[in-house]
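Numbering of ligands and ligand atoms starts at 1, following listing order.
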Amino acid sequence: MDKHLLSINDLSASEAIQILNTASELSKISDGPMKKLPTLRGRTVVNLFFEDSTRTRISFESAAKRLSADVINFSAKGSSVSKGESLKDTAQTLQAMGADAVVIRHGASGAAQRLADSGWISACVINAGDGTHEHPTQALLDAYTIRSKFPDLTENFNGLKVAIVGDILHSRVARSNVLLLTKLGAKVTLVAPPTLIPVGISNWPVEVSYDLDQAIKNVDVVMMLRVQSERMAASFFPSEREYSRGYGLDLARLNSLNSSTIVMHPGPMNRGLEISAESADSHKSVVLAQVANGVLIRMAVLYQLLGGAALTGEVSA
Ligand code: CP
């Protein structure tokens, strides 16, 4: 991996697998009596969040603390950003506080790249979601979760069939997952109403379907996406009821899945819209495993980017 993690395109397939393997090693250590490793002692990780987040921000914080790094949490709300302070001045202020890694979430696609390319800071930059562009650590934690449920997948995902369903147009999660899952060899089908499929989809390495019932027959993974109403300036479907009828994972569709099929959702979920409560809470759902695995993957990414000391034999008191 380079100095930064801005996109799944920054990783080769073997580098992605290496991150999953590092997360597996960290999982074994985390299951032991000592939860905290001294690996990043003396390092500072800044969480720079210009958009709301629950899972990503908290899991980066937890990951950094489990590796003994110091953590500074910055949220645009309540900061001097509301007084007009620029990204440059904000970043340089944090750099002056000694940041070794900056985890950035921003509403603008390309914001993480801008920060990394700017020369404003010397810290590693990790993209925690930029506009509708990418969310690479989400895709890595999703791949880790899939691998944990299909143990035959070790070095690649050849033969795995994945349906990604819903608001593809606004989804950075979909983009990063398409890049990573196809890089690892999975077959990906995107399922959405035509209005929520991006222009230029024919250049993506995926199949496209407008028929959810057909598309989820015989897939291994159904990944439901949140309808991102906050990014919708216009109406993309006639009504929530109609969207749910056409593209929601309800109980009937859940019951039609193969017994080994898993249901994923990156969260936060709109229960009753893209996913019913029965589906979200069913034994097929791995939503909470995704959240738990997010900490391991973010530990692995921080560990690799910040060049932590060896993992074994150094458990702190
Ligand atoms: N999946 C995800 O990015 O969730 P948050 O917005 O809560 O971080």
Next on the checklist: If you define the side chain from C-beta out and look only at heavy atoms, does anything of Val71 sit under 4.5 Å from Phe60?
Outcome noted: no

Next on the checklist: Considering non-hydrogen atoms of the protein only, which is the closest contact for atom 2 (C) of ligand 1, and what is the distance?
Outcome noted: Thr56 OG1, 3.5 Å

Next on the checklist: Give me the nearest non-hydrogen protein atom to atom 4 (O) of ligand 1 as residue plus atom name, then the distance to 0.1 Å.
Outcome noted: Arg55 NE, 3.1 Å

Item to check | Check: Asp281 main-chain N/O paired with Ser285 side-chain donor or acceptor under 3.5 Å | outcome: no

Item to check | Ion pair check, Arg253 and Asp213, cut-off under 4.0 Å | outcome: yes

Next on the checklist: Assess whether a salt bridge exists between Glu25 and Lys28, defined as any Lys/Arg side-chain N lying under 4.0 Å from an Asp/Glu carboxylate O.
Outcome noted: yes

Checklist entry - Any idea which atoms of ligand 1 are less than 4.0 Å away from a heavy-atom of Gln138? => result 1 (N), 2 (C)

Next on the checklist: Any salt bridge linking Arg175 with Asp130? Criterion: basic side-chain nitrogen under 4.0 Å from a carboxylate oxygen.
Outcome noted: no

Checklist entry - Which of the numbered atoms in ligand 1 are below 4.0 angstrom from a heavy atom of Gly267? => result 1 (N), 2 (C), 4 (O)

Checklist entry - Looking only at heavy atoms of Gln290, does any of them come nearer than 4.0 Å to an atom of ligand 1? => result no

Item to check | Salt bridge Lys149-Asp220, side-chain N to carboxylate O under 4.0 Å | outcome: no

Checklist entry - Does an N or O anywhere in Arg105 fall below 3.5 Å from an N or O of ligand 1? => result yes

Checklist entry - Which ligand 1 atoms are under 4.0 Å away from a heavy-atom of Thr54? => result 5 (P), 7 (O), 8 (O)

